[in-house]
Amino acid sequence: MVVTRFAPSPTGFLHIGGARTALFNWLYARHCGGKFLLRIEDTDRQRSTDEAVAAIYAGMKWLGLDWDGDAISQFDRKERHAEVAQQLLESGNAYHCYCTPEELAEMREAAVKEGCPSLYDGRWRERDPSEAPAGVDPVIRLKAQKDGETKINDLIQGEVTVGHDQIDDMVLLRSDGTPTYMLAVVVDDHDMGVTHVIRGDDHLTNTFRQIQIYKAMGWDIPEMAHMPLLHGDDGKKLSKRHGALGVEAYRDMGFLPEALNNYLLRLGWSHGDEEIISREQATEWFEVADVGRGAARFDMDKLTNLNGHYIRECDNARLTALVMEYLRAEPEIVLSDEAEHRLLNGMTELKDRAKNILELSDNAKIYAIERPLSFDQKALKLLDETGLGVVEMMRSRLADLPDWTKETIEESARSAAAERDLGFGKIAQPLRAALCGTTVSPGIFDVLYVLGRDESLARLQDALEMDRGSE
RNA sequence: GUCCCCUUCGUCUAGUGGCCUAGGACGUCGGCCUCUCACGCCGAAAACACGGGUUCGAGUCCCGUAGGGGGCACCA
């Protein structure tokens, strides 16, 4: 059975690049009917916090990436890691090294000067423990293979070969007895039964070091798949100003999780010309081998476009709930049952006009705002003598309407325009200004209908009676 | 410095030797629709990094160059 995993280190939030890695692992596991596991790489105690771990859980949940079983804490497994290091020591595949940090720094400097890769030279590899200096806690290093080379068949990168002269005797266990990342990943992946390691490109060369551990332990090496990293819009490494934010930041910017998922999926993976891909469809189609080899740049415009699509497709009740959540923070908004009702009724027209939930909420304010309205500059301009004349005329016509339906409202406004030989815009714009306080809104019949007779007439009356100040 | 990886429109990509006069999407520009704004629809400009091979034929295979990215920690 296929087993994949996502192994983030909890350093604040679920990074957007990490989210993509998680998504790919999730998709591959689900595609194969296998398992998707979550492991928190919290061995760095300085940087790991409970809040950060909670942020990862929350981010995964928001994206709909559920994992099988309980999340595993790498820190909790430190005894097991030490045990493996001990085994390696006993089998003669590892040894104690008493080098000081200064000594190692010198070594690196000298190597670079000679044009060699800056590797540990293995000076304690064959030395007898009796030569150990007093008072120095040793580290345990792996006795890596010196000759030959290792070739892997990466599911994404293809055949990659690295000579063993590029791999030194890396530290497995620190002098304080804690495991290094290299040891921990290998032990954990093995113990968790991971069959496919799908991770960022930045681990490609590390893989060859890790394979040394697998070999020394006599363990099976999982399939490897190294996906290209995400870059900023300038092609450089993704940084904060490029959008290297936590997924919750995207949620707060008004993105829908399905939009982010779809966008992340198409970044480095494709299925012919398909652009809009549902979770179900993605699960069916996803193959690791189809992931591209080149790094992709993060493009906010495309994400935004996708988000607009998913908003339009989204259920009105769900959108209303999201909008209510944002509107709750607005002081001039009172979220009465009446307002919620209007929001829901107006949502079909509203959602065509928004690319994110923030914008949607802003546009939705016309249905939740309390009378009397305030008018923006352009609206005021429309409500001049002529405009107010139209408002007054329409107010009385609408007041006489026997039924308040979109059809009767439209008929009333259209005939008014025809009778006066006016372009319809001459009627609609002043009405819009009086009803919404702005010059932009959904279709005017929809606004009138959703607002209802009483509220509509009251708002029109407000406009007629408003104090125009110095004007 | 050294090793590894990458390179098709501005961006994400299709493309696995002839179906490519290089396709789609976002963005941009123009138009249509229209009560505003959107949505939708139609159309346009826009790319095989460069140089050598291999082949009847190369975006597709090989080599080199350039550019970009990553690794080389008692970080993960």
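Numbered from 1 within each chain, the chains take letters A, B, ... in sequence-line order. What you see is a predicted model, and the numbers here were worked out from it, not measured in a lab.
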Worksheet item: Base, sugar-phosphate, or nothing: which does A:Thr43 touch, judged by heavy atoms less than 4.0 Å apart?
Response: sugar-phosphate

Worksheet item: Where the side chain of A:Gln166 is defined as all heavy atoms beyond and including C-beta, which of B:U2, B:A38, B:G27 is the nearest nucleotide?
Response: B:U2

Discussion item. Under 4.0 Å, counting only non-hydrogen atoms across every strand here, what does A:Ile444 touch: a base, just sugar-phosphate, or nothing?
Written reply: base

Response to the item:
Closest of B:C4, B:A76, B:C74 to the A:Thr205 side chain is B:C4

Discussion item. Please report the distance separating the P of B:C6 from the corresponding atom of B:C20, rounded so that it comes out in whole Å.
Written reply: 28 Å

Discussion item. Closest-nucleotide mapping onto RNA chain B: is A:Asp290 or A:Gly425 further toward the 5' terminus? I mean the 5' end.
Written reply: A:Asp290

Worksheet item: Of the options A:Leu322, A:Val323, A:Leu343, A:Leu319, which is the one that meets A:Ser361 in a side-chain contact (heavy atoms from CB on, under 4.5 Å)?
Response: A:Val323

Worksheet item: Looking for any heavy atom pair under 4.0 Å, which part of the strands does A:Phe208 touch: base, sugar-phosphate only, or nothing?
Response: nothing

Worksheet item: To the nearest angstrom, how far is A:Leu303 atom CG from B:C12 atom C1'?
Response: 12 Å

Worksheet item: Are A:His81 and A:Asp188 close enough that some pair of their side-chain heavy atoms sits under 4.5 Å apart?
Response: yes

Worksheet entry | Selected nucleotide, minimal atom distance to A:Glu275 side chain, candidates B:A76, B:A25, B:A38 | B:A25

Worksheet item: Taking atom types as modelled and ignoring hydrogens, do the side chains of A:Lys351 and A:Asn316 form a donor-acceptor contact shorter than 3.5 angstrom?
Response: yes

Discussion item. At 4.0 Å (heavy atoms only), tell me whether A:Arg297 reaches a base, stays on the sugar-phosphate, or touches nothing.
Written reply: sugar-phosphate

Practice prompt. Kindly point out which of B:A76, B:G70, B:A14 is positioned nearest to the side chain of A:Ser270?
Written response: B:A14

Worksheet entry | Test applied, ring pair (Phe, Tyr, Trp, His ring centres under 6.0 Å); reference residue, A:Trp67; option that passes from A:Phe36, A:Phe6, A:Tyr57 | A:Tyr57

Worksheet item: If you measure from the P atom in B:C39 to the same atom in B:A76, how many Å do you get, rounded?
Response: 48 Å

Item to complete: Scan A:Arg199 against the nucleic acid and name what it touches under 4.0 Å (heavy atoms): base, sugar-phosphate only, or nothing.
Response: nothing

Item to complete: Compute both the distance and the angle, then confirm whether A:Lys78 meets the cation-pi test with A:Phe75: under 6.0 Å from the six-membered ring centre, within 45 degrees of the axis.
Response: yes

Worksheet item: Does A:Asn363 make a side-chain N or O approach to OP1 or OP2 of B:C37 shorter than 4.0 Å?
Response: no

Discussion item. So if I take every side-chain heavy atom of A:Asp299 and compare against B:C74, B:G71, B:C26, which nucleotide ends up nearest?
Written reply: B:C26

Worksheet, complete the sentence: Picking from B:A25, B:A38, B:G70, the nucleotide nearest the side-chain atoms of A:Lys302 would be B:A25

Worksheet item: Looking just at side-chain N and O atoms, do A:His31 and A:Glu284 make a donor-acceptor pair shorter than 3.5 Å?
Response: no

Worksheet entry | Sugar-phosphate only, base, or nothing, as touched by A:Gly292 at under 4.0 Å among non-hydrogen atoms | nothing

Discussion item. Would you call the rings of A:Trp269 and A:His271 parallel, tilted or perpendicular, taking 30° and 60° as the class edges?
Written reply: parallel

Practice prompt. Test for a donor-acceptor pair under 3.5 Å between the base of B:G23 and the side chain of A:Asp273, counting only N and O atoms.
Written response: yes

Discussion item. Considering every strand and a 4.0 Å limit on heavy-atom distances, what is the contact class for A:Arg293: base, sugar-phosphate, or nothing?
Written reply: sugar-phosphate

Fill in: Atom-pair distance (CD1 on A:Ile156; P on B:U16), nearest Å
20 Å

Worksheet item: RNA chain B: A:Asp201 or A:Met182, which has the more 5' nearest nucleotide?
Response: A:Asp201

Discussion item. Categorize A:Cys97 for me: base, sugar-phosphate, or nothing, with a 4.0 angstrom heavy-atom threshold over every strand shown.
Written reply: nothing

Worksheet entry | A:Asn206 side-chain proximity, nearest of B:C4, B:C26, B:A76 | B:A76

Discussion item. Over all strands shown, is A:Ser441 touching base, sugar-phosphate only, or nothing at heavy-atom distances under 4.0 angstrom?
Written reply: base

Discussion item. As a test of reading the structure: which of B:G27, B:G24, B:A76 is closest to the side chain of A:Tyr181, going by heavy atoms?
Written reply: B:A76

Item to complete: Determine the contact category for A:His203: base if any of its heavy atoms lies under 4.0 Å from a base atom, sugar-phosphate if only primed atoms, P, OP1 or OP2 are that close, otherwise nothing.
Response: base

Practice prompt. Name the nucleic acid region contacted by A:Thr438, choosing base, sugar-phosphate or nothing; use a 4.0 angstrom heavy-atom cut-off, strictly under.
Written response: nothing

Discussion item. Side chains of A:Ser73 and A:Asp42: any donor to acceptor distance under 3.5 Å?
Written reply: yes

Item to complete: Please state the C1' separation for the pair B:U54 and B:C63 - nearest whole angstrom.
Response: 11 Å

Item to complete: Report the nucleotide, chosen from B:A76, B:C37, B:C5, that has the shortest atom-to-atom distance to any side-chain atom of A:Val160.
Response: B:C5

Worksheet item: Across the strands shown, which category fits A:Val139 at heavy-atom distances under 4.0 angstrom: base, sugar-phosphate, nothing?
Response: base

Worksheet item: Using a cut-off of 4.0 Å on non-hydrogen atoms, how would the nucleic acid contact of A:Glu41 be classed: base, sugar-phosphate, or nothing?
Response: sugar-phosphate

Discussion item. Applying a 4.0 Å non-hydrogen cut-off, can you work out what A:Lys355 is touching in the nucleic acid: base, sugar-phosphate, or nothing?
Written reply: sugar-phosphate

Discussion item. In this structure, how many angstroms lie between the C1' atom of B:G68 and the CG atom of A:Leu230, rounded?
Written reply: 15 Å

Discussion item. Taking 4.0 Å as the cut-off, does a side-chain nitrogen or oxygen of A:Arg414 come that near to OP1 or OP2 on B:C35?
Written reply: yes

Worksheet, complete the sentence: Among the nucleotides B:C35, B:U13, B:A25, whichever has the atom closest to the side chain of A:Arg266 is B:U13

